[in-house]
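Here the structure comes first, spelled out in structure tokens, and everything after it is commentary.
Here the structure is a predicted model, which is why all the values come from computation and not from measurement. Because only heavy atoms are used, hydrogens play no part in the values below, and waters and symmetry mates are left out as well, while side chains stay in. In what follows, chains carry the letters A, B, and so on, assigned in the order in which the sequence lines appear, proteins first and then strands, with residues in each chain numbered from 1.
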2 protein chains.
Amino acid sequence: MQSQRLPTLEDVARVAGVSRATVSRVINGIRNVDPQLHELVWSAVDQTGYVPNKLARSLVTRRTGTVALVVSDSETHDDDPFMSRFFSDPYFGRVVGGLMSVLRPAGVQLALQMVGADGHKRLVGDLRNGQADGAVVLSLPAHDPLPGMLADNGIPAVLIGRPPEPVPISYVDLDNSAGAALAADRLAARGCTCPAVISGPPDVPASVDRISGFRHTMARHGHAWLPSASGNFTQESGAEAMRSLLSSHPAIDGVFVANDLMALGALLVLRDAGRRVPEDVAVIGFDDSSAALAARPALTTVRHPLEDMSAEAARLLLTRLDDPTTRVTSIIYEPTLVPRQTA
Amino acid sequence: MQSQRLPTLEDVARVAGVSRATVSRVINGIRNVDPQLHELVWSAVDQTGYVPNKLARSLVTRRTGTVALVVSDSETHDDDPFMSRFFSDPYFGRVVGGLMSVLRPAGVQLALQMVGADGHKRLVGDLRNGQADGAVVLSLPAHDPLPGMLADNGIPAVLIGRPPEPVPISYVDLDNSAGAALAADRLAARGCTCPAVISGPPDVPASVDRISGFRHTMARHGHAWLPSASGNFTQESGAEAMRSLLSSHPAIDGVFVANDLMALGALLVLRDAGRRVPEDVAVIGFDDSSAALAARPALTTVRHPLEDMSAEAARLLLTRLDDPTTRVTSIIYEPTLVPRQTA
DNA sequence: TTGTAAGCGTTATCAC
DNA sequence: GTGATAACGCTTACAA
């Protein structure tokens, strides 16, 4: 039942009546080879049904034709809620789609690498050992040492999202600040007189940028100070923040929330409090996640060109792989406002 | 700048003052080894910062600790709309999440393999060569020869979704027929007197099962015959089908559509025709895709336990890898109705 | 232009 | 128990 041993270079060489080296040359398209033999070899190849063994090849060339998509999984709970949340959000799929749009035409494969806080060392080791030619890194928890480790070890890598701390690694990111400005302008245009803000964790760069961008723009609209509360990006924390905001500043008539999930929580609390959205309080989220669409009323939010960003990340990485001397760069994308029902 | 050559088994052996073989034994946890040396070796390991080279290991063991997620990409357009559609639908992420929930604890990695109609042979070759230990296969176009090729070559594989033609490969699937029955019951319960159906491509198993299940159940509700039209799973084809249905059978007051995308098209046509949904015509889709939620009114549809199915697929594959004599099986899951606004 | 042979870093089969 | 040594399948100097 088990199928036979596969044909190797040696076998092809025997059939073609040439040396292993010649077959290798033909297959790898190296010039210096007699056209006669060239043809001979190829016919031997499909006579034998030969397929090159990538493992063996990679072992010597130190190139795998694969890049790793590293998902840094901070949670360590036993019944890991991270995965279901992370993967079911369109975010993940959009990133993969964007990466693939560049990688596939280039004949490069994608290997998914989830890594917990403990796995960093092993990951770096594996990458150095040639498990993959490079890495695209996603979803970094605050203070994650991974970017630094990658840089220190000279591993070609590109981040999606600015690293928490400055590190000599290329990345693509959204202009979170500009996105927040969009939200601020929208609320201002609606005539909000008492806008507030619900921020995310203070150690996540995206979160910080969103809040500071919002504050800055609101200041330009004459709101020097804003009632604020913070959460940790979960729905429940958003609800909690909204409750606290409502009790300390009942006059609030607009709120910018640093991500959609928290905005969802805020929406629920507003409804329970008898505030109509958007008539009494306008709400704007961030991310344009599936949650935004699912919300009733549908959530007005800020959207990334995530596919484009991911595609560019892939391009950056491939360039770097081709030419290791390529300089570290960053590319920042512009967000757009998705007007739905809440603002 | 380039970091040094990595330590190898040999280096560790030298530091520990033992042979390469012994180090290998210690690292792979083989019993017959003096506790003294055991400790000695481990200290040499982290003194040198040694990390095993998986490539080299796989080359000899013929085991990679990786499974391939094969996405059979039928479309061959230049500006591939398949990818953006496929990856942005939560379907993909849910599958990955389900697989990972089993694979990750087992220490198995996932490699994404997109393969067009041309790539089948190479894919099988790569798999036989040990690129991956096995494969989970997704999204099969009709008449795809891949399952047969996998079976013929003795490649451990599990399909998500019944193969178009019978093949000795394990698979997990949804009881599409039961899902359709749910839809039929719902329409019947609403008191629909003239239910109709929009089917998908006749060569896609899931599509066929859905329609026959619907017909069967409707027959039990006294509707021996149903107006029907068919599409190809795209929104536009759904619209077209609805138009034809409406003109041939204006009395229609309920319609079951074989997937959400087509249902979306149907919804649009109904609105244009001035029919209220669900008051005049009730609509039920299938898949619970993101489109269902995005629809206005939100689409009532039938949902898969896709994460569970995928997790089980991973389990099946792992079992098979452990014990190649495992019998081919299939596991069928029960769908549920997601009542939203259209029925 | 082609062949010979030396690795790439492991594991596995032997003797000792 | 432990250590040589031969694979694993390929690429690549170096020779011819």
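- Shortest non-hydrogen contact noted between A:P7 and A:Y50 is O-CD1, 3.3 Å.
- Rounded to an integer number of Å, the gap from CZ of B:R14 to P of C:dG9 is 12 Å.
- Between B:R128 atom CZ and D:dC8 atom P the separation is 16 Å, expressed in whole Å.
- Residues A:T48 and A:D11 have side chains that never bring a donor and an acceptor to within less than 3.5 angstrom of each other.
- Per the geometry, CG belonging to A:L6 stands 11 Å off C1' belonging to D:dG9, to the nearest Å.
- Residue B:R63 contributes atom CZ, which lies 20 Å from atom C1' of D:dG9 at whole-angstrom precision.
- The side chain of B:T22 places an N or O atom within less than 4.0 Å of a non-bridging phosphate oxygen (OP1 or OP2) of D:dG3.
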Please report the C-alpha distance between B:V137 and B:I160 in whole Å, then the side-chain angles of each, then the deciding distance to 0.1 Å, and finally whether the side chain to side chain contact (heavy atoms under 4.5 Å, CB included) criterion is met. CA-CA 6 Å; B:V137 182; B:I160 294 186; over 6 Å; no
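- Aromatic ring orientation, B:Y91 versus B:F86: perpendicular (interplanar angle above 60°, classes split at 30° and 60°).
- Remark: P of D:dA6 and CG of B:L59 are 17 Å apart, rounded to the nearest angstrom.
- Side-chain atoms of B:N129 and A:L55, non-hydrogen and from C-beta on, never get closer than 4.5 Å to each other.
- Rounding to whole angstrom units, NE2 of residue A:H38 and P of C:dT2 are separated by 11 Å.
- Residue contacts shown for A:L55 are absent, as no nucleic acid heavy atom lies under 4.0 Å away.
- When all heavy atoms are compared, the tightest approach of A:A56 to B:L59 is CB-CD1, 3.8 Å.
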Heteroatom pairs (N/O) under 3.5 angstrom, protein to nucleotides 10-13 of chain C:
unit_1, atom_1, unit_2, atom_2, d
C:dT10, OP1, B:Y50, OH, 2.7
C:dT10, OP1, B:N53, N, 3.1
C:dT10, OP2, B:L9, N, 2.7
C:dT10, O5', B:Y50, OH, 3.1
C:dT10, O4, B:R20, NH2, 3.4
C:dT11, OP1, B:N28, OD1, 3.4
C:dT11, OP1, B:N28, ND2, 3.1
C:dT11, OP1, B:R57, NE, 2.7
C:dT11, OP1, B:R57, NH2, 3.3
C:dT11, OP2, B:S24, OG, 2.7

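- Taking atom CZ on B:R62 and atom C1' on D:dA7, their separation rounds to 10 Å, with Å as the unit.
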